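These notes concern the structure reproduced below.
Throughout, protein chains are lettered first and strands after them, A, B, ... in sequence-line order, and every chain is numbered starting at 1. Since the structure is predicted, the reported quantities are computational estimates derived from the model, not experimental observations.
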Amino acid sequence: MMAISTHNHRSNPWPGRLSALLPLGLLVGLVFQAPRIQSGRPLALAFEWVPGLNVHFALLLDGVGLLFALIITAIGLLVTIYADAYMVGHPQRNRFFLYLHAFLLSMLGLVLSNDLILLFVFWELTSLFSFLLIGFEHASAQARNSARQALLVTGCGGLLLLVGFLMVGQVTGTYALSELPGHAAQLHRHSLYLSILMCMLAGAFTKSAQFPFHFWLPNAMAAPTPISAFLHSATMVKAGIYLLARLHPVLGGTPVWMTTLVLLGAFTALWGAAVSIARTELKSILAQTTIMALGIMTMFLGGRSAPALTAAMTFLLVHSLYKSALFMVAGAIDHQTGTREIEKIGGLARFMPFTAAATLFATLSMAGFPLFIGFIGKEIMYKGALTEDVFPGLAAGATLVSNALMTAVAATLVLRPFWGQPRKVHPSGEAPWQMWIGPLLIGGTCLGFGLIPDWVGHWLVEPAVRAIHVTPVDVELKLFYGFNTPLLLSMITILMGGSFYVFRRWLRRRLSQLLPALPITTEGLYEGLVAAVISFAKWQTRRLQNGSLFQYLVVIIGATVVSVGWVFLGSAPLSALWNPPEFPGWLGLLLIAMLMAIGIVVQARSRVLAICGLGVIGAGAAILFLVFGAPDVGLTQILVETLTLIIVAIVLLRLPPIEPQPDANRLQHTLRLTLSIGSGVLVSAFLIAVTQHDVDRTITTFYEQASYIQAHGRNIVNVILVDFRSLDTLGEITVVAVSALAARALIRKKRSAP
Amino acid sequence: METVLAIVCGCLVAGGIYLLLSQNLVRMLFGLIMLSNAVNLAIFVAGGLTHTQPALIAAGDSVPGASMANALPQALVLTAIVIGFALLVFMFVLFYRSYEVLGTTDTRRMPEDGPARAYPSQNTTTRQEMGP
Amino acid sequence: MRSVILKTATRLVSALVMVLAVYLLWRGHHAPGGGFIAALVAATGFALVALSEGPAAVRQGLRLRPSHMMGAGLGLALGSGVIGMLAQRPFLTGVWWPPSGVVVGTPLLFDTGVFMVVLGAILSVLLALEET
């Protein structure tokens, strides 16, 4: 974990403030690229990363990337300014900004990646920083649990996504996103299509909180409010939407794609909208409406007509704007009044005029009133819903009901809290300017964009739709399309929303009774699964890690003997390996001495006797090395034997005599004998098998030829050690140094102990 | 020749494993020494023992004249001996320290979670002895 | 063990051992020897001194702390590799001087690094053990 230690309690605010320059710079840079992107010339940048695996660090800025990147940097900038006041006096203030901007860069990387593997890396990075930010108040158990839940859900989805990406790479032979639409037909026909699609949808649905993975998002509200405004409404949760949009020309347009997206999207939207009515806490309400919005976008990405995709992209922009503003407002209210309970606040407009204005603009856009960008969004939504290939009626109905509920929620958010009777809680005045400037700017944008829809359509939405739609389209966003079905539906929405608002208390009561009565929830399933994994882990740890060294050794050695022996004995019968030896008599004596020494060491009751036996074995090995042409090795062996003896003299004699220590039972003794004899036989057989074949001396021959000519050395062994393979030797002396340091630390510890 | 040495290696391994499974630290240490010898010898044998001329280029020559012992496994074994020794020394110290702290060389009597819980007071009874 | 004869003999022998170690290190590139062997020889010599005159005498004679010797040795080995890089070749490529009629090269530096690491490692543990 990147721990930035903050020793003084009130940390320096300037690193955080200056970090606002990062999103600002990126935003300005992106704005200057807009004309190029609009004219249909994407900006590409690529480095080789893992060329052997055909993976590249490739970035691509096209229409859809630009729309996302602009949202990320613009809202990122405003959130940074906002957090400057919100995080005032927080001891981990600088860490907060570090995580925030690390997230911002990961999110930018995600929407600009032109390589699936790179996209996956950024995808996981956003999950990781989301985890760190949800758990930012890590002293709270609730924050920790929510963070872990979000990480597990999005992380599992991410892994499935990787599997999907790898399958796409296998099928098409490329990881480049920009090349994939050309392989669309091939993918659609392929037998893996369904598996690929399921993996991709798992990734997208977990990230974008679609049913049945929606439960992590409301819990993620444990994060500081600027994070909710940025990650969990405007950017990170849109990563799944981004992926669906990107993959639309690659995997989209099939019946299974359309059915899944439309049905699950519609259900998610209705669910989120209904639950939001039942909530009374500001952030909780907003989280549920975010789920609804993500459902709507998913539903429209299920279509393949230009209006459906235009609706998805337009609503993406609309929602990012009003929702981030409303989250910031919720934080400001919390900051000034100390509560986020909607039933406790009223008449705030008198005290907080700027916040009130920002809320009014944002909620009007949310409710879809004319002159606001939300109205345009809603119009195009109805148009899109009616052109869906599957279930157009359902889509239009779901859109209508969700939008009506949205209108009611918008009214709930703004009317009583700001213009109703003052209630128990009174604010301490207007929030600091950093906390209202962002929402007010965004609210103004909601209005401004609503007045110039042609401009928005031309610069922002059309390039994005073009990037994800197979055939080039012209997007026209208009204030007034004429008297048609969408306009009629818009009117019905506002009327329905009004009546929902009037009956909101009754609706809330009924839903609050209904929701806890559900027999089974996906969150409950998730909790049960996690609990099962933990109890399984505990069970197998108790079984395998029972603390008996003997058992561990038996398992390790037994597994080795059985697995290696199985393969080996299966391939070559032992009898064929016997090769009558011929060797001088004195060597026979040496070997007999060594075998006797082995027996002595194994049986020894006395330490000195055992050490003598080991000495004989070591010296015997040294003589063998010397006799068979390895003077360096023989010398080393003799010297090591000497030094071992010295160390043994110092240490071993301080240990107690070897007590006779019989095995606990017959089974243990049998196991010991079987395993030791088995491994001995295995090693012998293995070596005999190896020496039956001629040794391949290709590498040795190279060393022999090059030793003097290239490395100016006549001792080939030494030349290998210090020249040809010196990197290995460097590693080896490092091991020697580390083990010496470790041994010395152990001795030292005793000295310092009382 | 190789076959006989292969059997010696096998005996070393068998003895080493037998000692390693003895549950007594001192014996386990002996077992480790034997295993390390066995492995070094095994690598050496696997490299072939046909030629017994040391891998040295005679003065005046720039390439070796006659065939000579395989230098590659020798280089491997040489470093293996030194590393084996370094690790052995660490094992010595580790076993010595665990004897000092836990007061036993019997691995069965070593408490899993360190001395603190096994010896609540100056009482030297181990958990096993307290068991039924 | 502090007899006069042993002390005198030790001084003489250990001095000879040190000379032998340096000789083995120097000639290791052409004949049996090299950094590993030289370090083990030197360690044996110092161990002799430590046994007869105590670890303090060794520390005094060394003037360099064994752990520092290890560090310096690793640095030397790494540095010899960097020289190859400075000569525009891969890390740890041997560089020889003078180019005609080779006298010394970076492999000797590397071997000296090996010598210092192994000697430092053995001595640091040996002396620490002696001092407990």
What residue, out of A:Thr734, A:Leu643, A:Ile646, has the most heavy-atom pairs lying under 4.5 Å from chain C?
A:Leu643
Which region of A:Ser726, side chain (C-beta onward) or backbone (N, CA, C, O), has a non-hydrogen atom less than 4.5 Å from a non-hydrogen atom of chain C, or is it both or neither?
both
Rounded distance [0.5 Å steps], CG in C:Leu40 versus CG in A:Leu635:
9.5 Å
Nearest atoms (heavy-atom pairs only) where C:Val125 meets A:Ala743:
CG2-CB, 3.9 Å
Rounded to the nearest 0.5 Å, how far does CE of C:Met116 lie from CD1 of A:Ile733?
10.5 Å
Students often mix this up, so state it plainly: with edges at 30° and 60°, are the rings of C:His30 and A:Tyr708 parallel, tilted or perpendicular?
tilted
Does the side chain of C:Phe36 reach to within under 4.5 Å of the side chain of A:Leu639, using non-hydrogen atoms?
no
Any side-chain donor paired with an acceptor under 3.5 Å for A:Asn718 and C:His29?
yes
Interatomic spacing from CD1 in A:Ile650 to CG in C:Leu129 - rounded to 0.5 Å
5.5 Å
With a 4.5 angstrom heavy-atom cut-off, which part of A:Ser739 approaches chain C: side chain, backbone, both or neither?
neither
Can you tell which of A:Thr729, A:Asp723, A:Leu721 makes a side chain to side chain contact (heavy atoms under 4.5 Å, CB included) with C:Phe110?
A:Thr729
Given heavy-atom pairs under 4.5 angstrom as the criterion, report whether the side chain, backbone, both or neither of C:Thr44 touches chain A.
both
Chain C heavy atoms under 4.5 Å from A:Val719: which part of the residue, side chain, backbone, both or neither?
both
Restricting to non-hydrogen atoms, name the atom on C:Val118 and the atom on A:Val736 that form the minimum distance, rounded to 0.1 Å.
CA-CG1, 4.5 Å
Could you measure the distance from the CG atom of A:Leu727 to the CG atom of C:Leu92? Nearest 0.5 Å is fine.
5.5 Å
Do the side chain of A:Asn715 and the main chain of C:Ala31 share a donor and acceptor less than 3.5 angstrom apart?
yes
Smallest separation among heavy atoms of C:Ser124 and A:Arg744, with atom names
CB-CD, 3.4 Å
The interface call for C:Leu108 against chain A, heavy-atom contacts under 4.5 Å, is neither
